[in-house]
Amino acid sequence: QGLLHCPDAADLHWNLALLLLEQGKWEEGWKEYLHRFDSSVMNLQTHGLPQQRPPRLNRIDDIRRGDHIICLGEQGLGDEILFMSMISDLIAEAEKRGVTVQVDANPRLQSVFERSFPKCTFRAGSGSPKPTWMCPIGDLGSLFRRTQEDFPSHNGYLRVDERRVAEIRQQLKNRIGAQQCIGIAWTGGSPRTHQRYRQIPLNTFQPILSEPFHFISLQYKDDTDEIAQLESDHGIIVHRLPELTQAKDYDETFHLVAALDLVICVPTSVLHVAGAIGKQCWILVDDHAAWREASADDSISWYPQTHKKFHKAPQAEDWRGVIEQIKQELTR
């Protein structure tokens, strides 16, 4: 109704996009999602572009042999990891048409992206071709995920170094023994990205953390005080590996997650890390779920083989019901 009165209001288009994507109305949602950089919410990162911006790629059929596409990373680490699930589609189309692709990725993600997509360029140099087209990475949805049937039934799309994974597994075995190791993350986002719906006090997980497993913190923020309080209150130890979870190169977090048996988390970037490498992940989802986690069932369209959602009921005052569900699932 607002758009009837203000058809050019970018913030209204942006919010409509989120509503449509939450409902799985992909083609309609992506069309509105194109307005995100015109809104007051988001900026287009253009540090990999020349001062004279190339046109934005809206249709695959517009590219011609010899063109060069620069795909621009955007938003948070988790968003960029999620959107990279579509880069193979772009590479395949580019190869058919004799086109090259460069990805302007977050520096913390370059290592894992370079290993996973050797046919892309990730570090622009003096010899890099001038881009013919720019494509913010979220725009790939409008090109390749227009219907539910367009989502592939994959089991991961990013590669880890198996030698590094084996090293971390040995490190965990030496430090805490041979029991199964489960990663846990209990906060995500920032005040402007609905943090209040993406955080649960660590003490709330006490019934789960009492199960006979070793739990590893996957928090990217300092978790010292909460973990110390948990041990003081309940005698429960959650192991910290900040040299991996808070490393400058996020590749270390990928390898830690790959070394674990399961991830349990709220919506945060490790959700996408797990999905990108095919690791089983259980997600505690508030009834105010964002479009990335929204679906009609307990799966997630982006990670159909690995992820399972545990929903907090709309009228529930706390997370006890969800925690009990997960405890029963772990026991089973």
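- In this structure, the side-chain hydrogen bond (donor to acceptor under 3.5 Å, both in side chains) partners of Gln179, at least two apart in sequence or on a different chain, are His214.
- In this structure, Arg64 contributes its side chain and Asp61 its backbone to a donor-acceptor pair below 3.5 Å.
- Glu226 and Trp186 are linked by a side-chain donor-acceptor pair at a separation below 3.5 angstrom, with hydrogens and angles left out of the test.
- For Trp14 and Trp291, the ring centers are positioned 6.0 Å apart or more.
- Relative orientation of the Trp30 and Tyr33 rings is perpendicular, given thresholds of 30° and 60° on the angle between their planes.
- Under a hydrophobic-cluster definition in which Ile, Leu, Val, Met, Phe, Trp and Tyr are linked whenever side-chain heavy atoms come within less than 4.5 Å, directly or via other members, Ile237 and Ile216 are assigned to different clusters.
- Put simply, Leu20 and Met42 are part of two different groups of oily side chains (I, L, V, M, F, W, Y) that touch within less than 4.5 Å, one to the next.
- Checked by atom type, the side-chain pair Tyr250/Ser111 shows no donor-acceptor distance below 3.5 Å.
- Distance alone, capped at 3.5 Å, is enough to place a donor-acceptor pair between the Glu74 side chain and the Gly138 backbone.
- For residues 153-163, every residue pair satisfying the side-chain hydrogen bond (donor to acceptor under 3.5 Å, both in side chains) rule, not counting sequence neighbours, is listed here: Ser153-Gln305.
- Annotation: ring-ring contact (aromatic ring centres under 6.0 Å, His included) contacts of Phe310 (sequence neighbours excluded): Trp282.
- Contact between Ser301 and Gln148 at its shortest, heavy atoms only, is OG-NE2, 3.0 Å.
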(request) Before giving the answer on side chain to side chain contact (heavy atoms under 4.5 Å, CB included), spell out for Lys119 and Glu95 the whole-Å C-alpha distance, their side-chain angles and the decisive distance to 0.1 Å. (result) CA-CA 9 Å; Lys119 294 181 180 179; Glu95 283 189 314; 3.0 Å; yes
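- Using a cutoff of 4.0 Å between basic side-chain nitrogens and carboxylate oxygens, Lys31 and Glu28 are not scored as salt-bridged.
- Between Trp319 and Phe205, the ring centre distance reaches or exceeds 6.0 Å.
- Criterion: ILVMFWY side-chain heavy atoms under 4.5 Å apart, direct or through other members. Under it, Leu109 and Phe122 are part of a common hydrophobic cluster.
- Residues Asp67 and Trp133 have side chains that bring a donor and an acceptor to within less than 3.5 angstrom of each other.
- Contact detail for Phe213 and Ile182: the closest heavy-atom pair is CG-CD1, 3.7 Å.
- In this structure, Val41 is not a member of the same hydrophobic cluster as Leu12, with clusters built from ILVMFWY side-chain heavy atoms closer than 4.5 Å.
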(request) Report the C-alpha separation of Arg108 and Asp249 in whole Å, then their side-chain angles, then the decisive distance to 0.1 Å, and conclude whether the salt bridge (Lys or Arg N to Asp or Glu O under 4.0 Å) test is met. (result) CA-CA 5 Å; Arg108 296 185 67 196; Asp249 190 343; over 6 Å; no
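- Contact check for Thr204 versus Asp318: no side-chain heavy atoms found under the 4.5 Å cut-off.
- Taking each heavy atom of Phe37 and Pro136 in turn, the nearest pair found is CE1-CB, 3.6 Å.
- No more than 12 heavy atoms of other residues, nucleotides or ligands shown are found within 6.0 angstrom of CZ on Arg320.
- With hydrogens and angles disregarded, no donor-acceptor distance shorter than 3.5 Å links the side chain of Asp62 to the backbone of Asn58.
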